[in-house]
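Written below as structure tokens is the structure these notes are about.
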Amino acid sequence: MNSASNLNSADSGSELLWGFWYPALRSEQVLGRKLVSAMLLNVPLVLGRDLAGEPFALRDVCPHRAFPLSFGQFDGKAVECAYHGWQFDAHTGECRLIPSLTEDSKLKCERIHAGSFPCAERDGYIWAFMTNPEGRAMPVAEQPDLPKVPSLPTFSEHYKIAHLWADLPCTVDHGIIGLMDPAHGPFVHQAWWWRSRRSIREKSKQFEPIPNGFRMSPHTPSANSAPYKILKLITGEPATTTIDFVLPNQRFEVIRAGRYWLSSRTTVTPIRQNLCRLDFCAAWNILPWFPIVSFIIHVLGPRFIRQDVEVIEKQALGLKYGDRMMLVDDADRQARWYFELKSAYLESQRTGTPMRHPVDGLVTLRWRS
């Protein structure tokens, strides 16, 4: 059934989703005793590693005079503010020392906290669990209930892994609906190794609900994309692709062909209101001794991402006028599901009731791309 709905671009991206893990930095960016600043969901962070190499994330604001903690010192246990020497436990944010206090002071420094966020390392990223903008400590009883840190699916003991990234000058909503848009490929990514207008054909894909998201059920990879053709040629096996979208910002794609596999995850993480970071992580066991997959990812991948960045930069010229945009028919249904999932999650958080999933059972979508 034909359908269309309007999206007000001025309102898009106004709601950020709290209570999720987000990739703050790549692991290689946080080394030794170095303090590194970052921004997530408009929250300034300072990240580092303790004596055991475990990462931590504090709000990059000293509660005394709002001085950035990232300008301070770190001894492997406590972060020291460079303004007045206040020291904070790297993992809990609890104040351990206020040098200006005299022995008869009644101020209990352990009652003072810098904002802190649960932190973990996985797949070459340091992740922060963004509880709330202030980094208020979670009750001890709730901490064991934290969702698992997102993991890239892998299917064998040995594999190669790669990372790509880029800044996107847009709200998180525009970044995500661009990420899941199936119809722009022949127009934005025109190249011998991808698609062209002449390669447009009708697609029919089946979708199903999964927790906090939806899945494009296992299917044969697109026949009009050269990378998929190359993978089929080198594996010699019939291939299937499964694509998931999971709140708040993750797109997973898994390609299986016999014992060979390629798994990728793309995230669009809000940095500030109109700036996001795209992170792409891929792992594979396809002919590790022959660099064809590495070439596709490291040479063709950045070109593909650059084309998306250029489109978003140009789209921003129109979005500044606050025009309403249309979500049309099946090609834009995934974008509508994203907004419905987001609204359902926010309503569930507001009311404390179970989240109502917008995808009701198996759904078949059809479009041309």
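The structure displayed is predicted, hence computed values, not measured ones.
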### Message
Can you tell me how far apart OH (Tyr338) and CG (Leu327) are? Round to the nearest 0.5 Å.
### Response
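Atom-to-atom, Tyr338:OH and Leu327:CG are 12.0 Å apart.
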### Query
Atom OG1 of Thr364 and atom NZ of Lys205: how far apart are they, to the nearest 0.5 Å?
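So the OG1 of Thr364 and the NZ of Lys205 are separated by 11.5 Å.
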Which heavy atom in [X] sits nearest to a heavy atom in [Y], and how many Å separate them?
| X | Y | value |
| --- | --- | --- |
| Thr266 | Leu179 | CG2-CD1, 3.4 Å |
| Asn285 | Arg259 | ND2-O, 2.9 Å |
| Thr92 | Asp89 | N-OD1, 2.9 Å |

### Message
Show, in sequence, the C-alpha distance, side-chain angles and deciding distance for Asp50 and His91, and conclude whether the side chain to side chain donor-acceptor pair (under 3.5 Å) test is met.
### Response
CA-CA 9 Å; Asp50 63 19; His91 291 283; 2.8 Å; yes
[X]: what forms a side chain to side chain contact (heavy atoms under 4.5 Å, CB included) with it, not counting sequence neighbours?
| X | value |
| --- | --- |
| Thr267 | Pro23, Asn249, Gln250, Arg265, Thr269, Asp279 |
| Glu121 | Ser27, Arg49, Pro55, Ile126 |
| His64 | Cys62, His84, Trp86 |
| Asn274 | Thr171 |

Less than 4.5 Å apart, any side-chain heavy atom of [X] and any of [Y]?
| X | Y | answer |
| --- | --- | --- |
| Val61 | Phe67 | no |
| Ile286 | Trp261 | no |
| Thr131 | Trp18 | no |
| Leu17 | Tyr22 | yes |
| Arg333 | Val363 | yes |
| Ile161 | Trp284 | no |
| His174 | Ile312 | no |
| Ile177 | Asp181 | no |

Exceeds 12 heavy-atom contacts within 6.0 angstrom, atom [atom1] of [X]:
| X | atom1 | value |
| --- | --- | --- |
| Arg33 | CZ | yes |
| Tyr159 | OH | no |
| Gln349 | CD | yes |

### Task
Compute both the distance and the angle, then confirm whether Arg122 meets the cation-pi test with Trp127: under 6.0 Å from the six-membered ring centre, within 45 degrees of the axis.
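No - Arg122 does not lie over the ring of Trp127 by the 6.0 Å and 45° rule.
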### Task
Carefully, step by step, assess Arg251 and Glu253 under the rule salt bridge (Lys or Arg N to Asp or Glu O under 4.0 Å).
CA-CA 7 Å; Arg251 180 191 185 273; Glu253 181 168 0; 3.1 Å; yes
Looking at [Y], is its backbone amide N or carbonyl O close enough to the side chain of [X] to form a donor-acceptor pair, meaning the two atoms are under 3.5 Å apart?
| X | Y | answer |
| --- | --- | --- |
| Ser263 | Pro153 | yes |
| Ser105 | Leu107 | yes |
| Lys342 | Glu15 | yes |
| Asn132 | Gly135 | yes |
| His113 | Gly115 | no |
| Gln29 | Arg26 | yes |

### Task
Check the pair Lys160, Val293 against side chain to side chain contact (heavy atoms under 4.5 Å, CB included), reporting the backbone distance first and the verdict last.
CA-CA 9 Å; Lys160 299 281 189 178; Val293 178; over 6 Å; no
### Task
Determine, for Arg96 against Glu94, whether the closest basic-nitrogen to carboxylate-oxygen distance falls under 4.0 angstrom.
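A salt bridge is present here (some side-chain N lies under 4.0 Å from a carboxylate O).
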### Task
Give a yes or no on whether a salt bridge exists between Arg366 and Asp330, defined as a side-chain N under 4.0 angstrom from a carboxylate O.
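Judged by the 4.0 Å cut-off on N to carboxylate O distance, Arg366 and Asp330 do not form a salt bridge.
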### Task
In sequence, state the C-alpha distance, the side-chain angles, and the governing distance for His163 and Tyr125, and then conclude on ring-ring contact (aromatic ring centres under 6.0 Å, His included).
CA-CA 10 Å; His163 303 86; Tyr125 297 96; 5.1 Å; yes
### Message
I'd like to know if the side chain of Ser217 pairs up with that of Glu208 as donor and acceptor (distance under 3.5 Å, no hydrogens or angles considered).
### Response
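A donor-acceptor contact under 3.5 Å links the two side chains.
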### Task
Please check if any side-chain donor atom of Asp60 sits under 3.5 Å from a side-chain acceptor atom of Ser70, or the reverse.
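Side chains of Asp60 and Ser70: pair found under 3.5 Å.
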### Tyr345 and Phe20 aromatic ring geometry - parallel, tilted or perpendicular at 30°/60° bounds
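Phe20 vs Tyr345 ring planes: tilted.
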### Message
Could you go through Phe214 and Phe245, starting from their C-alpha distance and side-chain angles, then the distance that decides it, and tell me whether this counts as ring-ring contact (aromatic ring centres under 6.0 Å, His included)?
### Response
CA-CA 6 Å; Phe214 51 86; Phe245 174 78; 5.7 Å; yes
Under 3.5 Å, which donor-acceptor pairs do the side chains of residues 75-82 form with other protein atoms, sequence neighbours left out?
{"from": "Asp75", "atom 1": "OD1", "to": "Lys77", "atom 2": "N", "distance (Å)": "2.8"}
{"from": "Asp75", "atom 1": "OD1", "to": "Ala78", "atom 2": "N", "distance (Å)": "2.8"}
{"from": "Glu80", "atom 1": "OE1", "to": "Gln87", "atom 2": "NE2", "distance (Å)": "3.0"}

### Task
Output all residues satisfying salt bridge (charged side-chain N to carboxylate O under 4.0 Å, His left out) with Arg350, sequence neighbours left out; order by chain, then residue number.
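For Arg350, the residues satisfying salt bridge (charged side-chain N to carboxylate O under 4.0 Å, His left out) (neighbours in sequence not counted) are Glu347.
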